[in-house]
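Read through the structure below, which is laid out as structure tokens, and then see the notes.
All of these numbers come straight from a predicted model, not from anything done at the bench.
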Amino acid sequence: MSELSKNYEPQSVEEKWYAQWQSAERFHARPERVCEKRPAYSIVIPPPNVTGVLTLGHVLNNTIQDILARRARMQGREVLWLPGTDHAGIATQTVVERTLKKQGAIRHRDDLGREKFLEKVWEWKEKHGGIIIQQLRKLGASCDWSRERFTMDPEYSECVQRVFVDLFSKGLIYRGKRMVNWCPVSRTALSDEEVVMKEQNGSLTHFKVEVAERPGTFLTIATTRPETIPGDSAIAVNPNDPRYTDFIGLHAVRPLPSELPREQRLIPIIADAHVEFGFGTGVLKVTPAHDKADFEIGLRHQLPAIDIMHPDGTMNALAGVDLAGKDRFEARSLAIEKLRALGLLEKEEPHRNNVGFSERADVPIEPRLSQQWFLKYPSVQASREVVRSGQMRFHPERWAKVYDHWMENLQDWCISRQLWWGHRIPVWYFRGTGLDAARASLGASIPDHALRVLEDGSIAYCGLQAPAETSLWEQDSDVLDTWFSSWLWPFATMGWPESTPTLKAFYPTTDLVTGPDIIFFWVARMIMAGFEYLGELPFKNVYFTGIIRDKQGRKMSKSLGNSPDPLDLISKFGADALRFGVMRSAPLGQDVLFDEKNVELGRNFCTKLWNACRFRQMQGGSVEGEIQSTLLSTEDKWILLRLDKTIEEVSKSLDEYRFSDAAQALYRFFWSEYCDWYVEASKAALSGTDTARRDNTLAVMDFVLAHTLRLFHPFIPFITEELWHGLGFHEDLPPDQGGDTLMSAPWPRNLGPDFHAHYGLLPEDETRANAKFDVVLAGRGLRRDFQLPSNKKLSFVLKPQSPLSEEEVQVIQLLLNAEQLQVATADWIAPKGTPSALTPFGPLFLPLEGVVDMAAERERIGKEIAKIEQELVKVRAKLSSETFVQGAPAQVVAEHRQRESDWLQKLGELQRLREALS
RNA sequence: GGGCAGUUAGCUCAGCGGUAGAGCGGCUCGUUUACACCGAGUUGGUCGGGGGUUCGAUUCCCUCACUGCCCACCA
């Protein structure tokens with residue numbers, strides 16, 4: 001036990017304890033220790049991007065995980081919190097490429113070539129990869145760092161390949177030329193989930209096309225994308241639209257590219273139910289190569305798909321001489337100009353529409369026809385059912401509906417990416433000809449399903465090993481979507497497909513904590529992978545955090561500059577303050593409006609805790625003495641009862657993942673109850689000469705503090721650990737019971753009936769203590785009314801209906817900061833005009849010398865009487881209503897009657913007091 | 001177009017069928033045995049509008065309004 005310094009210094013304390021926890025291997029999970037009496041608790045971290053830095057979102061997310069993990073340890077469970085990072089394909093590649101460009105090293109990654117570029121990315125990863133992991137340590141995260149994983153670790157990569165090969169062999173993975181979301185900046189395909197819709201102010205271009213068979217007759221088309229006219233291969237109308245039925249089957253003259261001869265620009269006018277006749281003119285241009293819906297129409301009518309764009313979003317030769325080489329947006333205005341010049345432009349009108357944007361590059365995506373790999377999701381039914389049935393629970397529950405809806409409308413997942421940073425697709429194409437030749441070159445041991453003829457006729461081999469005859473085979477150049485590796489996270493990190501001790505002990509995991517924004521990207525897919533490969537759910541509970549916003553409710557973003565650096569907050573206020581502040585303001589399922597004020601509150605709370613413990617230490621005496629039940633005061637009993645209640649509240653809140661409620665309950669208990677009332681009241685006993693009473697008070701304090709520190713530890717681990725040792729609570733405890741670290745101390749349980757019986761804790765004690773506090777409040781009110789400073793010693797007179805003990809009088813006197821609290825006898829009559837207030841024990845008087853304005857005093861009491869009369873009117877109105885007396889439950893009626901008589905009694909006393917003034 | 005949240009004190013949020021709560025802020029007083037990152041006191045709300053159910057509604061139901069988010073191939 002060492003003396004607590006005057007101020008809490010988070011910096012050194014945090015470093016000291018984190019190092020100590022680690023060197024004592026307190027975060028280390030030991031599968032061999034898992035047994036019936038020591039159940040496993042496990043949680044896998046949502047792996048942050050390897051090159052990322054800590055954000056407030058991470059703080060929220062990981063503090064929750066840390067609270068869960070630390071409490072589980074204290075509850076005697078064997079805990080695995082498995083950390084790691086994600087290679088984050090596009091994000092990382094983009095960052096590295098951009099940096100190299102900025103340095104002037106390259107203009108495009110092609111300048112380096114695949115291998116050299118990947119070397120650079122690995123270099124970057126080595127340099128920046130550890131940052132976020134270090135930052136998590138600063139936050140206090142109790143991860144098992146010995147098990148840290150990266151999604152491109154060799155073993156992990158092998159899992160990814162293995163799963164690909166397996167799904168390929170099951171026929172769930174296929175390659176085909178499909179309409180995909182193309183990002184012209186990253187020049188890769190994206191999944192539907194990586195596209196975000198944004199409402200845009202655009203314009204609707206109305207232009208005319210001539211009907212070939214009826215010269216001089218024109219149809220008007222409304223489009224938002226005039227630049228794609230050269231790619232049109234039909235004009236479509238609704239078959240039931242009376243305006244246009246005559247034209248179906250005829251041809252239209254496509255205006256662009258205008259240099260082509262007219263006959264080469266003839267396109268059919270077709271009927272398709274997809275066309276809405278209420279929109280625009282009811283005539284639709286069909287561009288199968290550049291619009292998803294048009295592509296479908298094209299399929300239905302066997303229309304050619306004319307691709308008029310390069311992968312980078314510039315127009316190609318098919319767009320015509322005027323547009324070729326131009327960027328798609330420049331081409332749009334050029335096309336409009338061209339139509340105008342041709343006399344075909346009718347009008348342009350402003351139009352709001354939704355445009356899909358690439359989430360990463362923040363540019364409009366281009367629907368594009370290209371050769372990609374797709375996955376038909378496996379284990380869909382089981383994955384849906386497990387959530388629907390409640391076997392796996394979502395918190396808050398409403399996300400289950402969102403999940404179910406998505407699962408019901410699953411679209412095949414485009415898993416190939418035209419990037420370099422990622423897991424290379426384990427498919428090789430045969431350079432020779434013929435399936436037999438291909439099989440022969442691979443050797444006899446290749447299973448049938450590893451070899452397949454694809455849609456476009458190419459021969460593909462899929463396997464873990466590259467074909468030996470490398471000259472005959474060429475590997476697919478694409479890599480896999482990042483999420484195709486993330487979805488294996490819960491088991492690929494535990495050594496799967498080996499049945500490792502870790503996997504056996506800790507899988508399936510207990511809780512998953514993540515943001516709702518990745519429910520489809522990650523959560524849903526992990527569930528499916530879990531069922532497909534381990535045959536069961538990967539986690540039992542999913543907790544969805546809110547999203548952190550700034551105090552105006554805007555999303556945190558780099559461009560807005562509204563996202564504070566958590567590390568700055570830690571160095572300014574301490575990690576515990578940050579954790580507590582964020583937790584206290586993050587209710588279940590609600591977005592969190594972040595304000596530095598919250599962290600300040602956390603810091604203030606830590607300081608309060610520190611000082612309260614210092615106060616205890618300054619009192620000296622032996623630590624954790626035995627509590628003598630016979631010496632307990634009502635305050636002692638009161639605080640023990642409040643503690644018991646708080647233990648229950650905190651435990652229950654945590655069981656239900658209501659972290660802010662738990663933090664709130666602790667805050668209220670410690671600050672408003674323990675510090676404000678109990679510590680203040682205890683000063684009476686501590687300053688007295690009765691050493692037995694003094695020691696007993698200290699014993700109660702120690703009991704309460706030791707419990708509170710344990711309750712607080714998951715939230716604010718550093719300061720609680722420091723205080724645990726500073727006060728010497730660790731002494732004489734076995735190492736695994738809190739003897740070496742608070743981390744291993746048992747989680748407080750309710751005190752229980754035996755405890756209550758032994759120490760004689762009764763509800764009456766609480767009432768009695770509250771009554772005393774009411775006397776104090778009444779007295780302070782009197783002080784206020786007569787504008788007497790709180791530091792001025794005063795004399796009060798209490799005229800109780802029943803006797804108070806000497807100790808009780810002492811306590812009230814102390815809390816009132818009174819020179820004296822005189823207890824008057826029943827026949828005592830206050831001097832005329834003495835200010836007074838009502839208390840549960842009877843009237844409290846504040847005798848003042850000569851300065852009392854009787855009229856003012858009467859008025860003061862009159863105000864109170866008026867208030868009570870108002871309440872009385874309300875209660876009486878109820879009680880006099882037939883319907884209430886007959887309709888309401890007897891108990892409620894009784895409560896109202898009781899209330900009425902209470903008000904009446906108070907009123908009577910106040911009236912008597914007022915009369916005494918006249 | 002469909003779905004999900006939210007609307008309670010100046011601000012951020014609890015409460016969710018029987019006398020409206022907390023923190024922050026504001027105001028007043030204050031170095032009284034830890035703590036001014038503090039203490040004491042105080043101010044402040046017809047609980048978004050309108051219906052309904054009920055003896056009774058901030059709390060349950062319906063409806064409207066606004067705000068935010070998610071999903072959706074009206075060019």
Q: Would you classify Arg614(A) as touching base, sugar-phosphate or nothing, given that sugar-phosphate means primed atoms plus P, OP1 and OP2, and contacts are heavy atoms under 4.0 Å?
A: sugar-phosphate
Q. Whole Å only: how far is the CZ atom of Arg225(A) from the C1' atom of rC74(B)?
A. 16 Å
Q. If you take atom types as modelled and just measure distance, does the side chain of Glu680(A) reach the base of rA34(B) with a donor-acceptor pair under 3.5 Å?
A. yes
**Q.** rG39(B) OP1/OP2 closer than 4.0 Å to side-chain N/O of Trp671(A)
**A.** yes
Q: Send over the distance from Glu199(A) CD to rG68(B) P, rounded to a whole Å.
A: 12 Å
**Q.** rC37(B) OP1/OP2 closer than 4.0 Å to side-chain N/O of Arg603(A)
**A.** no
Q.
If you assign each of Lys874(A) and Leu777(A) to its closest nucleotide in RNA chain B, which residue comes earlier from the 5' end?
A. Lys874(A)
Q) With no angle test and no hydrogens, is the base of rC37(B) tied to the side chain of Thr607(A) by a donor-acceptor pair under 3.5 Å? A) yes
Q. Under 4.5 Å between any side-chain heavy atoms of Gln813(A) and Phe796(A), yes or no?
A. no
Q | Nearest-Å distance for atom pair OH/C1', residues Tyr674(A) and rG39(B) | A | 17 Å
Q) Quantified in whole Å, what is the C1' atom distance between nucleotide rG56(B) and nucleotide rC16(B)? A) 15 Å
Q.
Just to be sure I understand the rule, does Gln886(A) reach a base, reach only the sugar-phosphate, or reach nothing, if contact means heavy atoms closer than 4.0 Å?
A. nothing
(Q) With rounding to the closest Å, how many angstrom separate the P atoms on rU7(B) and rU12(B)? (A) 12 Å
Q: Find the distance Arg876(A):CZ to rU19(B):C1' and express it as a whole number of Å.
A: 16 Å
Q. Out of rC38(B), rC24(B), rC73(B), which has the shortest distance to the side chain of Leu601(A)?
A. rC24(B)
**Q.** Aromatic contact, His395(A) with Tyr543(A) (centres under 6.0 Å)
**A.** no
Q: Could you tell me whether Arg225(A) and Glu227(A) make a salt bridge, using a distance below 4.0 angstrom between a side-chain N and a carboxylate O?
A: yes
Q.
What is the separation between atom CG on Leu879(A) and atom P on rU19(B), rounded to the nearest whole Å?
A. 13 Å
Q. What is the nucleic acid contact for Arg584(A), judged by heavy atoms within less than 4.0 Å: base, sugar-phosphate only, or nothing?
A. sugar-phosphate
**Q.** Interatomic distance, Leu609(A) CG vs rC37(B) C1' [rounded to whole Å]
**A.** 13 Å
Q) For the residue pair Leu256(A) and Arg254(A), what are the closest heavy atoms and their distance? A) O-NE, 2.8 Å
Q: Taking only the side-chain nitrogens and oxygens of Lys285(A), find out if one of them lies under 4.0 Å from OP1 or OP2 of rA75(B).
A: no
Q. Is it true that the NZ or CZ of Lys285(A) lies under 6.0 Å from the centre of Phe207(A)'s six-membered ring and within 45 degrees of the ring axis?
A. no
Q.
Less than 4.0 angstrom between a side-chain N/O of Lys292(A) and OP1 or OP2 of rA75(B), yes or no?
A. no
Q: Determine the Euclidean distance between corresponding C1' atoms of rU54(B) and rG18(B); express it in Å to zero decimal places.
A: 12 Å
(Q) One thing to verify: whether Arg897(A) and Glu895(A) come together as a salt bridge, which I'm taking to mean a side-chain N less than 4.0 angstrom from a carboxylate O. (A) no
Q: Determine the interatomic distance between P on rU43(B) and the same-named atom on rA20(B); round to the nearest Å.
A: 16 Å
Q) When you check the phosphate oxygens OP1 and OP2 of rC4(B), does a side-chain N or O of Arg398(A) lie under 4.0 Å from one of them? A) no
Q: Might you confirm whether atom NZ of Lys645(A) has over 12 heavy atoms from other residues, nucleotides or ligands at distances under 6.0 Å?
A: no
**Q.** Length of the CG-P vector between Asp902(A) and rU19(B), whole Å
**A.** 13 Å
Going by atom type alone, with no hydrogens or angles, which donor-acceptor pairs under 3.5 Å involve a side-chain atom of residues 873-880 of chain A and a protein atom two or more places apart or on another chain?
| from | atom 1 | to | atom 2 | distance (Å) |
| --- | --- | --- | --- | --- |
| Arg876(A) | NE | Glu900(A) | OE2 | 3.0 |
| Ser880(A) | OG | Arg876(A) | O | 3.0 |
| Ser880(A) | OG | Ala877(A) | O | 3.1 |

Q: Ignoring the backbone of Thr224(A), work out which of rC71(B), rA75(B), rU33(B) is nearest its side chain.
A: rA75(B)
Q) Are Phe295(A) and His290(A) near enough that their ring centres are under 6.0 Å apart? A) no
(Q) When you measure from the side-chain N and O atoms of Lys867(A) to the phosphate of rU19(B), is any distance below 4.0 Å, counting only OP1 and OP2? (A) no
Q.
What does the 5'-to-3' dot-bracket notation of RNA chain B look like when only Watson-Crick and G-U wobble pairs under 3.5 Å count, and pairs to other strands show as |?
A. ((((((((.[[[[.)..(..]]]].(((((.......))))).....[[[[[..)....]]]]])))))))....
Q) What is the nucleic acid contact for Thr223(A), judged by heavy atoms within less than 4.0 Å: base, sugar-phosphate only, or nothing? A) sugar-phosphate
Q: Using only heavy-atom distances, decide whether a donor-acceptor pair under 3.5 angstrom links the side-chain of Ser585(A) to the base of rU12(B).
A: no
**Q.** Nearest-Å distance once atom C1' is located in both rG6(B) and rC55(B)
**A.** 32 Å
Q | rC4(B) base / Lys401(A) side chain donor-acceptor hit below 3.5 Å | A | no
Q. What about His274(A), does its side chain sit under 3.5 Å from the base of rC73(B) through a donor-acceptor pair?
A. yes
Q. What is the nucleic acid contact for Leu284(A), judged by heavy atoms within less than 4.0 Å: base, sugar-phosphate only, or nothing?
A. base
Q: Decide, yes or no, whether a salt bridge links Glu871(A) with Arg899(A) under the criterion of side-chain N to carboxylate O below 4.0 Å.
A: no
Q: Mind checking Val275(A) for me? I need base, sugar-phosphate or nothing, with any heavy atom below 4.0 Å counting as a touch.
A: base
Q | Pairwise 5' ranking along RNA chain B for Lys683(A) and Gly280(A), keeping only the more 5' one | A | Lys683(A)
Q) Is the Phe712(A) to Phe605(A) ring centre distance short of 6.0 Å? A) yes
(Q) Rounded to whole Å, please give me the gap between CG in Asp591(A) and P in rU12(B). (A) 13 Å
Q) Under 4.0 angstrom, heavy atoms only, what part of the nucleic acid is Asp676(A) near: base, sugar-phosphate, or nothing? A) sugar-phosphate
Q: Just call it for Gln664(A): base, sugar-phosphate, or nothing, with non-hydrogen atoms closer than 4.0 Å on any strand.
A: sugar-phosphate
(Q) Below the 4.0 Å mark, does rC35(B) have OP1 or OP2 next to a side-chain nitrogen or oxygen of Asn604(A)? (A) no
Q: With heavy atoms under 4.0 Å as the rule, sort Pro367(A) into base, sugar-phosphate or nothing.
A: nothing
